[in-house]
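Values in this document were obtained by computation on a predicted structure and should not be read as measured data. Just follow the structure's listing: the first ligand is 1, and inside any ligand the first atom is 1.
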Amino acid sequence: MALARIAVLGAGSWGTTYAKVMADAGRDVVLWARRPEVAEAVTRQHENPDYLPGVRLPDNLTSTSDPVEALDGAEAVVLAVPSQSLRVNLSRWRLPAGATLVSLAKGVELGTLKRMSEVVAEVAGVPSNHVAVVSGPNLAMEIAREQPTATVIACEDHDRAVDLQHASTTGYFRPYTNTDVIGCELGGACKNVIALSCGMAAGIGFGDNTLATLITRGLAETARLGMALGADPMTFAGLAGLGDLVATCSSPLSRNRTFGERLGRGQSLAEAQQATHGQVAEGVKSCSSIRALAVRHGVDMPITEVVHRVCHDGLDPREAGAELIGRKVRPER
Ligand SMILES: NC(=O)c1ccc[n+]([C@@H]2O[C@H](COP(=O)([O-])OP(=O)(O)OC[C@H]3O[C@@H](n4cnc5c(N)ncnc54)[C@H](O)[C@@H]3O)[C@@H](O)[C@H]2O)c1
Ligand SMILES: O=P(O)(O)OC[C@H](O)CO
């Protein structure tokens with residue numbers, strides 16, 4: 001089915017950017033913003049000054065603060081609010097029957113330990129093959145500036161993924177399809193935690209060997225968890241695994257990496273939170289849910305473990321580093 005009318009719910013950096021991508025792909029897109037002044041700026045000035053200052057948004061992208069208006073007639077609904085707020089938001093929205101529901105969020109729910117697509121299917125009361133996820137090396141500002149980028153659209157229903165792929169393909173954005181929803185989602189959630197650790201290392205003053213060590217061993221523990229949950233191990237060598245991990249762990253544009261850097265330089269959690277001006281660093285909460293998921297499945301995730309303890313148990317980042325390097329030596333695999 002050619003998707004003509006799309007609703008994007010959540011007008012932060014990624015929601016606004018993905019709405020622009022789909023509008024540039026020729027679709028009519030309505031973006032729901034919590035605040036009326038943001039909706040007004042997107043529709044009238046074709047800009048979201050809070051999240052994407054200086055980026056001209058296309059004319060076929062309009063915005064409203066009324067979710068009913070945004071959802072009216074939508075054939076696909078893109079969910080772009082932070083992970084831990086997705087359930088409560090979903091319970092307020094009346095989603096159109098039969099629409100493909102697309103999660104952009106990269107996290108694991110605290111308490112239930114569910115992936116975002118599981119939360120969507122549960123709250124919306126739809127089968128899992130109606131839910132797709134988008135995950136890959138997708139730093140919003142680079143895509144908003146139309147820098148060449150690839151991503152993965154994962155859905156158990158290949159045809160739905162292909163429809164979304166066509167509705168999201170532009171001269172600067174190239175989506176691939178995948179049916180491994182579990183692997184793509186875990187790649188996206190876990191890389192935020194590993195990016196926090198890379199930021200901490202950079203904040204302490206460590207260099208590229210440390211960064212590469214954390215990225216590579218971070219990928220190893222992500223793949224271990226993924227395989228325990230039924231993911232295809234090859235997904236972790238792709239865009240939603242290695243691709244996203246490298247981009248997020250290396251880029252100063254990453255909120256997670258930047259947050260970790262602040263902790264590494266000695267800021268407290270509260271100071272780092274205050275400095276991020278309300279923007280979401282998903283790994284700060286997901287490090288706890290991912291750690292709990294690993295414990296539930298008997299998977300060893302040492303980097304995630306120390307990131308959780310730095311963020312929530314007062315462990316000093318230098319101590320965390322010393323603990324990791326001092327672990328009992330063992331074979332690589
Ligand atoms: N920014 C990126 O580069 C990027 C790229 C890929 C994926 N993601 C993921 O997309 C999701 C959204 O991230 P973002 O970058 O757009 O975040 P953001 O911080 O830029 O914006 C979040 C949006 O959600 C709204 N919001 C915040 N709390 C809310 C709540 N309780 N209820 C309703 N709305 C709320 C905010 O007003 C804002 O419009 C996250 O899971 C993130 O990991 C982000
Ligand atoms: O800014 P971050 O750390 O949330 O990362 C953004 C994207 O997920 C990168 O793919």
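No more than 12 heavy atoms of other residues, nucleotides or ligands lie within 6.0 Å of CG in Asn209, so this atom counts as exposed by the packing criterion.
Atoms of ligand 1 lying under 4.0 Å from any heavy atom of Leu139, numbered from 1 in the order shown and given with element: 3 (O). Distances below 4.0 Å separate heavy atoms of Ala140 from the following atoms of ligand 1: 1 (N), 2 (C), 3 (O). Close approach of ligand 1 to Ala80 is summarised as follows: ligand atoms under 4.0 Å from at least one heavy atom of the residue are 12 (C). Against a heavy-atom cut-off of under 4.0 Å, Gly15 is close to the following atoms of ligand 1: 16 (O). Applying the 4.0 Å criterion to heavy atoms of Lys106 picks out, from ligand 1, the atoms 6 (C), 7 (C), 41 (O), 43 (O).
Not one N or O on the side chain of Ser168 forms a donor-acceptor pair closer than 3.5 Å with the backbone of Gln165. Using a distance-only test at 3.5 Å, with no hydrogens or angles considered, a donor-acceptor pair links the side chain of Asn138 to the main chain of Ala150.
Looking from atom 19 (O) of ligand 1 to the surrounding protein, the closest heavy atom is Val280 N, 3.2 Å. Here the heavy atom of the protein found nearest to atom 30 (C) of ligand 1 is Arg34 NH1, 3.4 Å. Closest to atom 14 (P) of ligand 1, if we only count protein heavy atoms, is Trp14 N, 3.8 Å. What sits closest to atom 9 (C) of ligand 1 on the protein, heavy atoms only, is Leu104 O, 3.5 Å. For atom 1 (N) of ligand 1, the closest non-hydrogen atom of the protein is Arg255 NH2, 3.2 Å. The nearest heavy-atom contact from the protein to atom 5 (C) of ligand 1 is Asn138 O, 2.9 Å. Of the protein's heavy atoms, Pro82 CD, 3.4 Å lies nearest to atom 24 (O) of ligand 1. Among protein heavy atoms, atom 20 (O) of ligand 1 sits closest to Ser13 OG, 2.7 Å.
Salt bridge status for Lys20 with Glu146: present, with a side-chain N to carboxylate O gap under 4.0 Å. A salt bridge links Arg257 with Glu261: at least one charged nitrogen is closer than 4.0 Å to a carboxylate oxygen. Under the 4.0 Å criterion applied to side-chain N and carboxylate O atoms, Glu109 and Arg115 are not assigned as salt-bridge partners. Classification of Asp72 and Arg5 as a salt-bridged pair fails, no side-chain N sitting under 4.0 Å from a carboxylate O. In this structure, Glu282 does not pair ionically with Lys106, as no charged nitrogen and carboxylate oxygen lie closer than 4.0 Å.
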> Can you list the steps and then say if Asp300 with Arg327 is a salt bridge (charged side-chain N to carboxylate O under 4.0 Å, His left out)?
Replying inline: CA-CA 12 Å; Asp300 189 25; Arg327 296 171 74 236; 3.0 Å; yes
>> Checking Arg145 against Glu142 for the salt bridge (charged side-chain N to carboxylate O under 4.0 Å, His left out) test, could you report, in this order, the C-alpha distance in whole Å, the side-chain angles of both residues, the deciding distance, and whether it holds?
In response: CA-CA 5 Å; Arg145 291 183 177 138; Glu142 292 187 6; over 6 Å; no
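At least one side-chain heavy atom of Arg217 sits under 4.5 Å from a side-chain heavy atom of Ile303. Within the 4.5 Å cutoff, side-chain heavy atoms of Val42 are placed close to those of Leu57. Residues Arg87 and Glu122 meet the side-chain proximity criterion, which asks for heavy atoms closer than 4.5 Å.
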Donor-acceptor list for residues 267-275 side chains, cut-off 3.5 Å, not counting sequence neighbours:
{"residue": "Ser268", "atom": "OG", "partner": "Glu271", "partner atom": "N", "Å": "3.1"}
{"residue": "Ser268", "atom": "OG", "partner": "Glu271", "partner atom": "OE1", "Å": "3.4"}
{"residue": "Glu271", "atom": "OE1", "partner": "Ser268", "partner atom": "N", "Å": "2.8"}

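At a heavy-atom cutoff of 4.0 Å, ligand 1 is contacted by the side chain of Ser85 but not by its backbone. Only the side chain of Asn89 comes within 4.0 Å of ligand 1, judged by heavy-atom distances.
The distance from atom CG of Leu196 to atom CZ of Arg255, rounded to the nearest 0.5 Å, is 11.5 Å.
Heavy atoms of Met141 come nearer than 4.0 angstrom to ligand 1 in no pair at all.
Distances between N or O atoms of Trp32 and those of ligand 1 include no value under 3.5 Å. Between Ala105 and ligand 1, no N or O atom pair is found at a separation short of 3.5 Å. Between Gly12 and ligand 1, an N or O atom pair is found at a separation short of 3.5 Å.
Across the listed options Arg92, Arg35, Glu282, Glu282 owns the non-hydrogen atom lying nearest to atom 43 (O) of ligand 1.
The aromatic rings of His308 and His312 sit tilted, their planes meeting at an angle between 30° and 60°.
The protein residues lying under 4.0 angstrom from ligand 2, judged by non-hydrogen atoms, are Lys106, Gly136, Pro137, Asn138, Leu139, Lys191, Asp244, Thr248, Leu253, Ser254, Arg255, Asn256.
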